[in-house]
Amino acid sequence: MNTPPVERKLAAILSADVAGYSRLMGADEAGTLAALSAHREVIDELIRQRNGRIANTAGDSVLAEFPSVLEAVQCGVEIQQAMTARNADLPDDRKMLLRVGINVGDVMVKDEDIFGDGVNVAARLQGLAVPGGLCISRAVRDQLRDKSPFLFEDQGEQTVKNIARPVRVFSVRFEGAPKTADLGEPDRPAAPVDAAAEADNPPQGKPDDIELAFWDSITDSQAASDYAAYLERYPTGNFAALARARLIGLTTGEAATGGDEVKLEITYWESVKDSDDAAMIQAYLEKYPQGHFKELAEARLEQLSGDKAGDDR
């Protein structure tokens, strides 16, 4: 009997599981199974509505594929928002919270199930998400630029099990999302952060993490609405001048960065911002003492100084 050939294709992969499932089962096995079954009906329907296909369900987990990255992320957000509504009247110890990870990559299809590194990365992203949260890979974030209403917080490169290279991870901010600054660990949420309070009272002299994440998510955007949203939230923010210049450029048809001088400064900063040589960062500050990236440069110098002090010890 001939083995059918393995089909390969590019797909957006959504991986989800229940945080703290073992604890829920231990407390009330019958109630947990009944709740999971009811939740799954809603989840399955949301996946179907977004043109997804469920490839595998094992225990408390769901693995689905989508032909569109945007549809996959929209579905992930809708699932989390639906779960929030369904958990609203339950005590905290009985709430069933999902962690969701989404990746896009090459997958192998066999007997309707999907396999491969693309699937493995999605599963690792799911494990990094906080309960109620959603993590995506850089490949997903890059395809969503200017196409999604959500904000993405850069969580940096993460080393994950059985994946050869570090994975650049972004958490998705949406209405009802957990207010977290850092990646969570399995079955344990990261420390909460009051995003509104931080936006209103950022540390003096340095951009706060949420502002940086916001700016990073729009820095290459060609949508005027993105810069207007930044200025509405951070009218005196560290990138306000640059945001205004880009907003004017996009609405008037002039250079989006506000002229040759600003473009040169951006090019200069891009060439030195990741350098480990403090002299290069200092050179930027000397050339642009009141530049758009002054606070970032000063923060980078402080970081490099701390790293050097640690090495000396």
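Quick note: residue numbers are just sequence positions, from 1. As a basis for the values below, the full set of heavy atoms in this structure was taken, side chains included, without hydrogen atoms, waters or symmetry mates.
- Across all their heavy atoms, Ile13 and Gly105 have their closest contact at CD1-N, 4.0 Å.
- In terms of modelled atom types and a separation under 3.5 Å, the side chain of Asp17 and the main chain of Asp60 share no donor-acceptor contact.
- Although no hydrogens or angles enter the test, the distance criterion places a donor-acceptor pair under 3.5 Å between the side chain of Ser61 and the main chain of Ala58.
- Salt bridge annotation for Glu78-Arg50: present, with a cationic side-chain nitrogen under 4.0 angstrom from a carboxylate oxygen.
- Among the candidates Asn56, Ile47, Leu98, the single residue satisfying the side chain to side chain contact (heavy atoms under 4.5 Å, CB included) test with Val62 is Ile47.
- What you find for Gly76 and Val100 is that their closest heavy atoms are CA-CG1, 4.5 Å.
- Checking each of Val69, Ile136, Leu144, Val172 against Ile102 for a side chain to side chain contact (heavy atoms under 4.5 Å, CB included) leaves exactly one that passes, namely Ile136.
- Taking CG from Leu125 and CD from Gln158, the interatomic distance works out to 9.5 Å, rounded to the nearest 0.5 Å.
- At a threshold of 4.0 Å, the pair Asp92-Lys95 counts as salt-bridged, since one of the basic side-chain nitrogens sits closer than that to a carboxylate oxygen.
- The shortest non-hydrogen separation linking Phe174 to Gln80 is CZ-CB, 3.8 Å.
- For the pair Asp154 (side chain) and Gly156 (backbone), a donor-acceptor distance under 3.5 Å is present.
- A side-chain donor-acceptor contact under 3.5 Å links Arg53 to the backbone of Glu112.
- Considering only heavy atoms from C-beta on, Val140 stays 4.5 Å or farther from Phe170 through its side chain.
- Transitive grouping of hydrophobic side chains (ILVMFWY, heavy atoms separated by less than 4.5 Å) brings Phe150 and Leu70 into a common cluster.
- Side-chain N/O atoms of Ser15 and Arg124 include no donor and acceptor closer than 3.5 Å.
- Placement of Met83 and Leu24 within a single hydrophobic cluster is found when ILVMFWY residues are connected by side-chain heavy-atom separations under 4.5 Å, directly or transitively.
- The 12-atom threshold is exceeded at CG of Asp93, counting heavy atoms of other residues, nucleotides or ligands nearer than 6.0 Å.
- By the neighbour-count criterion of 12 heavy atoms within 6.0 Å, atom NZ of Lys9 is densely surrounded, having more than that number from other residues, nucleotides or ligands.
- Hydrophobic cluster membership is shared by Val42 and Leu33, with clusters built from Ile, Leu, Val, Met, Phe, Trp and Tyr side chains linked at under 4.5 angstrom.
- Taking SG of Cys75 as the reference point, atom CD1 of Ile43 lies at 9.0 Å (rounded to 0.5 Å).
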